[in-house]
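When a residue number appears, it is its place in the shown sequence, counting from 1.
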Amino acid sequence: MTTTQDWVAGARPRTLWTAIAPVAVGTGAAVLLDEFRLLPALLALAVGLAMQIAVNYANDYSDGVRGTDIDRVGPDRLVATGRATPTAVRNAAFVSFGVAAVAGLALVVLTETWWLLAVGAVAIVAAWGYTGTSRPYGYSGWGEAMAFLFFGPVATLGTLYTQALEITWWAVVASVGVGLYSVALMLVNNIRDIATDTIAGKRTLPVRIGEARARRLFMGVVMLPVLCSIIVAFVHPWVLISTVVALPSLLVAFGMRVGAERISMPLIFKALSGIGLAYGLLFALGLVL
């Protein structure tokens, strides 16, 4: 019988910061513009968290029924380990998508931003399409690009727009920095799984470009958000407080460069999760100050 602990683990709490950071930055931007609205901010957060949980369950289900998680290197999955039936995990994903849809609909109605209904629908389709279709884009190397788009610009700028009804150039730059950390997190997982993904026919970006290039790509991706902070700081200097993540980011980049033989991937994953969350919260604080 699947326990509550199993379901919590299946939701992968360590990835939920990817939903929190963009909402924090988007809300910080709204505060700076004197347009902060609490309820839209909370609804945007509910959408982001529900979508991330839905993606995690959907990925667990789809990879599990395909058998690509049997020799998994990372954390155990519900379907692959038999801790939950495929139907139960699929239903958990659908419920999470439903929560995201209801929260999103409430956000659109409250703010009268009706065109965002289309954005939400595309986001749900993209979330399921990552591994859930007959031709999942996650199996052809597009996972990182979609993670950047939806957990960077879409989430950050969507949060800002539903409060301020405008988008600024510096908010776009900020959204790039946030999205890059989501890309880095996915790269950690996919670099770790290169061997098993290759056997399973899962052509992720690291599989397609090779491990050495993927590690170098990670190094660039994890450092570029600092540049985004510096650019925005020219108009909002307090944003520079987010650059305190530069040193830990450099250490994580070095850890990836020397290889998993000397520094474990789980350690890099945990460190990056803390860095990504800290970056988003500090960037938001810098905007508020």
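- Between Pro206 and Leu187 the shortest heavy-atom distance is CG-CD2, 4.1 Å.
- Hydrophobic cluster membership is shared by Phe218 and Met223, with clusters built from Ile, Leu, Val, Met, Phe, Trp and Tyr side chains linked at under 4.5 angstrom.
- The backbone N or O of Thr3 sits less than 3.5 Å from a side-chain atom of Asp6, completing a donor-acceptor pair.
- Between Leu16 and Ile53 the shortest side-chain heavy-atom distance falls below 4.5 Å.
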Apply side chain to side chain contact (heavy atoms under 4.5 Å, CB included) to Leu116 and Leu107, showing your working.
-> CA-CA 9 Å; Leu116 286 177; Leu107 178 60; 5.7 Å; no

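- Residues Met265 and Leu217 share a hydrophobic cluster, clusters being chains of Ile/Leu/Val/Met/Phe/Trp/Tyr side chains in contact below 4.5 Å.
- Side-chain atoms of Arg77 and Arg12, non-hydrogen and from C-beta on, do get closer than 4.5 Å to each other.
- Counting only heavy atoms from C-beta outward, the side chains of Val23 and Leu49 never approach each other to under 4.5 Å.
- Within the model, atoms CZ of Arg213 and CZ of Arg208 stand 12.5 Å from one another, a figure rounded to the nearest 0.5 Å.
- The 12-atom threshold is not exceeded at CH2 of Trp238, counting heavy atoms of other residues, nucleotides or ligands nearer than 6.0 Å.
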Test Leu277 against Ile20 for side chain to side chain contact (heavy atoms under 4.5 Å, CB included), laying out the working first.
-> CA-CA 7 Å; Leu277 178 60; Ile20 297 171; 4.0 Å; yes

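- Both tests hold for Arg66 against Tyr139: distance to the six-membered ring centre under 6.0 Å, angle to the ring axis within 45°.
- Hydrophobic cluster membership is shared by Trp169 and Phe283, with clusters built from Ile, Leu, Val, Met, Phe, Trp and Tyr side chains linked at under 4.5 angstrom.
- Cluster annotation: Val288 and Val239 are assigned to distinct hydrophobic clusters (Ile/Leu/Val/Met/Phe/Trp/Tyr, side-chain heavy-atom contacts under 4.5 Å, transitive).
- In plain terms, the two heavy atoms of Val8 and Pro13 that are nearest each other are O-CD, 3.2 Å.
- Ser182 and Ala147 make their closest contact through CB-O, 4.2 Å (heavy atoms, listed as atom of the first residue, atom of the second, distance).
- Checked against Phe254 for a side chain to side chain contact (heavy atoms under 4.5 Å, CB included), the options Val258, Leu250, Leu251, Val252 give a single hit: Val258.
- No side-chain donor-acceptor contact under 3.5 Å links Thr85 and Thr87.
- In terms of heavy-atom proximity, Ala174 sits nearest to Val232 at N-CG2, 4.2 Å.
- Rounding to the nearest 0.5 angstrom, the gap separating the CZ atom in Arg203 from the CH2 atom in Trp142 is 14.0 Å.
- Residue Val154 is tested with Val119, Val122, Thr159 for a side chain to side chain contact (heavy atoms under 4.5 Å, CB included); the sole match is Val119.
- With contacts defined as side-chain heavy-atom distances shorter than 4.5 Å, the pair Ile124/Met51 qualifies.
- Taking the side chain as every heavy atom from C-beta outward, Leu32 and Trp170 approach each other to under 4.5 Å.
- Phe94 places a side-chain heavy atom less than 4.5 Å from the side chain of Trp128.
- For residues 279-289, every residue pair satisfying the side-chain hydrogen bond (donor to acceptor under 3.5 Å, both in side chains) rule, not counting sequence neighbours, is listed here: Ser229-Tyr279.
- If you take OG1 on Thr27 and CD on Glu35, they are separated by 13.0 Å, rounding to the nearest 0.5 Å.
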After noting the C-alpha distance and the side-chain angles of Tyr57 and Trp7, does the key distance pass the ring-ring contact (aromatic ring centres under 6.0 Å, His included) rule?
-> CA-CA 9 Å; Tyr57 282 139; Trp7 286 116; 5.7 Å; yes

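- Residues Glu144 and Asn190 form a side-chain contact, since some pair of their non-hydrogen atoms from C-beta on lies under 4.5 Å apart.
- The two residues Glu166 and Tyr161 come nearest to each other via the heavy atoms N-CD1, 3.5 Å.
- Taking every heavy atom of both residues into account, Gly129 and Thr133 meet most closely at CA-CG2, 3.7 Å.
- In this structure, CD1 in Ile241 is found 4.0 Å from CG in Leu285, a value given to the nearest 0.5 Å.
- Looking only at distances, no side-chain donor or acceptor of Thr156 sits under 3.5 Å from a matching main-chain atom of Val25.
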Arg192 and Ile268: CA distance, side-chain angles, deciding distance, side chain to side chain contact (heavy atoms under 4.5 Å, CB included) verdict | CA-CA 11 Å; Arg192 178 199 63 202; Ile268 293 176; over 6 Å; no

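- Distance check, rounded to the nearest 0.5 Å: CZ of Arg216 to CD1 of Ile209 gives 8.5 Å.
- With 3.5 Å as the limit, one finds a donor-acceptor pair spanning the side chains of Thr15 and Asn56.
- Under the 4.0 Å criterion applied to side-chain N and carboxylate O atoms, Asp63 and Lys202 are assigned as salt-bridge partners.
- For the atom pair CD1 (Ile191) and CD (Glu211), the distance works out to 7.0 Å, reported to the nearest 0.5 Å.
- Clustering ILVMFWY residues whenever any of their side-chain heavy atoms sit less than 4.5 angstrom apart, transitively, puts Val102 in a cluster other than the one holding Leu110.
- At a threshold of 4.5 Å between non-hydrogen side-chain atoms, the residues Leu165 and Thr113 count as touching.
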Taking it one step at a time, do Tyr181 and Ser249 satisfy side chain to side chain contact (heavy atoms under 4.5 Å, CB included)?
-> CA-CA 10 Å; Tyr181 276 119; Ser249 293; 3.0 Å; yes

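- Around atom CZ of Arg37, more than 12 heavy atoms belonging to other residues, nucleotides or ligands sit under 6.0 Å away.
- With sequence neighbours left out, Tyr130 forms a ring-ring contact (aromatic ring centres under 6.0 Å, His included) with Tyr137.
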